[in-house]
Amino acid sequence: MNDRSLRITCAVGALIFSSVCLCATGEEPEWPIIPKPLSVTRSAGSFLIGDNTDIIAGPNAGKASSYLAQRLRKASGYAIPIREWESDDGLSTRIALRLGSPLTPDRPFDPGREGYRLTVSRTRIDITAAYPAGLFYGVQTLLQLLPPQVYSNNAGALRMDELLLPLVEVTDRPRFGWRGLMIDVSRHFFSKEQLKKTIDAMAVHKLNVLHLHLTDDPGWRIEIEKYPRLTTVGAIGDRTNPEGPERWYFSKEDIREIVEHAARHHIMVVPEIDMPGHSMAAARAYPQFFDGHRTFNPANAETYEFVKDVLVEVMELFPSGYLHFGGDEVRDHRWADIPGIRTFMEENGYTDLKEVEGHFDRFVADFIVEKGYTPIGWDDIVEFEINPNTIVQWWLHLRPEARDHAVRKGHRVIISPTNYLYFDYPNGPGEPGAPWEGNDNGPNSFELIHQWEPVPDTYSQEEESRIMGLQANLWTEFVKTNEYYEYMIFPRLSALAEIAWSPKGAKDLDNFKKRLHVQCQRYEAMGLNYRVFGDWPSDFSYLTH
Ligand code: TNX
């Protein structure tokens with residue numbers, strides 16, 4: 001069985017799209033836009049993008065304009081001209097992209113800066129926003145008013161006479177500022193091409209953070225000049241073939257390419273160097289800084305120099321201003337046997353090895369802050385007094401008190417619980433996916449995610465304001481191929497995008513499913529594999545573990 005047979009074309013979707021978009025009658029038409037915008041008002045009539053249409057780009061509208069032009073050219077072959085804004089001559093047939101006066105100060109991850117207004121009138125199209133990201137999202141919504149083939153790279157996918165838009169007024173802004181996806185490239189490696197393809201798809205979903213889990217036990221995946229053995233030795237092998245012989249990692253050049261590609265799509269790349277546990281790959285390369293197994297040696301002063309050197313090189317490559325240092329599952333270390341551990345503990349007044357873990361985490365978080373970056377750690381770190389600027393990423397759904405504790409201590413929190421947002425877990429009963437903890441309320445289906453309210457209703461307004469947003473995580477212990485990877489992400493990513501954008505409150509699942517059929521056609525156009533829904537085959541042998 002091959003992947004084509006899993007990709008049952010959403011023929012139903014094609015029908016829904018055309019009937020929904022072009023011949024809406026009676027009841028209010030459902031626009032197949034994902035994530036669903038805050039408000040869409042339609043009036044009768046349409047606008048045809050044609051030979052006489054151009055784009056006029058105001059200051060700082062360049063990225064969104066060239067993205068729009070490129071998309072239209074790739075899908076239809078039509079090279080729409082972009083002109084700089086001189087004055088708005090009020091001419092018709094224009095697609096005008098411009099920044100209004102900023103509505104809010106430019107703070108990172110302020111959803112207030114990502115909103116937009118899109119107006120398609122009989123004579124022209126206007127997209128306005130307070131910040132460039134909003135213009136970019138306005139363009140995505142505009143594209144989703146066109147047939148799904150607009151996301152294809154095949155210049156014959158869309159005929160010019162199909163560039164027909166309904167007349168609409170859309171106002172939109174996301175609920176959360178942080179809308180992320182994590183990819184684990186350590187357990188199994190995924191190429192920069194695959195990451196760029198993922199970035200393209202994330203942009204379509206109006207997501208804005210790609211978190212790369214770059215290091216773990218099976219492999220160290222990022223070049224560090226000062227410590228070449230991290231890649232000559234640490235990058236050998238993966239979870240399936242621990243002995244290699246291949247080495248898989250990103251060179252500095254690769255990272256720059258990924259970061260730049262992401263930036264063009266208003267996506268920030270956040271690196272994770274997992275410490276002090278989950279570090280067997282680095283330990284193979286530089287055993288002197290480790291405990292003989294998979295954890296850093298906190299009693300060796302040189303370990304801290306090594307950590308600083310590595311993190312400095314990583315920060316130089318990722319201008320995001322955020323650095324994830326892991327901090328999770330420090331549980332089978334060999335610290336008790338390290339020579340010098342007793343002296344180290346006595347000097348610091350520690351009686352318990354847990355305090356040693358806190359010492360290490362505190363050091364790393366403080367160093368990151370000192371460098372002007374914001375540290376992020378998994379929720380395991382909240383049991384220690386850690387730099388208050390640290391963002392806590394809550395993952396262990398069985399430990400909601402870790403999330404609450406972090407929020408009460410004043411940390412900002414990213415919500416990623418295993419039982420909703422772990423994309424390595426199965427989509428449905430009997431389907432492929434990781435068998436671990438967190439499956440106890442059933443599979444992480446897109447339906448479950450779509451109907452979930454991620455913020456506890458017991459939170460005060462102030463507590464709620466510390467929830468930065470949502471992030472799904474694709475761990476790859478079992479995910480070895482691009483097809484499997486895409487199958488686990490899509491269409492769940494659509495449900496994530498919707499709850500990250502739509503305001504708090506009940507969400508109509510049937511309505512989402514209708515739009516999701518059209519989204520599947522967009523996946524087809526983008527060449528993405530996805531988990532089909534409705535009637536689907538039960539043979540997943542091509543996704544074998
Ligand atoms: C827990 S989430 C881990 C990962 C695993 C994942 C598998 C977290 C911080 N640690 O190392 O890959 O579960 O679902």
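Counting starts at 1 for both ligands and their atoms, following the listed order.
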Practice problem: Mind running ring-ring contact (aromatic ring centres under 6.0 Å, His included) on F344 and W335 for me, showing each step along the way? | Solution: CA-CA 11 Å; F344 172 81; W335 288 349; 8.9 Å; no
Quiz item: If you count the non-hydrogen atoms of other residues, nucleotides and ligands that lie under 6.0 Å from CD in E302, is the total more than 12?
Solution: no
Could you tell me which atoms of ligand 1, counted from 1 in the order shown, lie closer than 4.0 angstrom to a heavy atom of [X]?
X	value
D424	7 (C), 14 (O)
E477	5 (C), 7 (C), 12 (O)
W378	9 (C)

Practice problem: Select the closest option to atom 2 (S) of ligand 1 among F423, Y422, F478, Y425, judged by heavy-atom distance. | Solution: Y422
Exercise. May I ask whether H278 has any heavy atom positioned less than 4.0 angstrom from an atom of ligand 1?
Key: yes
Quiz item: Is the shortest distance from a heavy atom of Q393 to ligand 1 less than 4.0 Å?
Solution: no
Salt-bridged, [X] to [Y], with N to O below 4.0 Å?
X	Y	answer
R256	E253	yes
E305	K308	yes
R175	E453	yes

Self-check item: side chain to side chain contact (heavy atoms under 4.5 Å, CB included) evaluation trace for R492 with N444
Solution: CA-CA 9 Å; R492 287 190 280 199; N444 292 348; 3.7 Å; yes
Self-check item: Polar contact flag for D328 and ligand 1 (N/O pairs, less than 3.5 Å)
Solution: yes
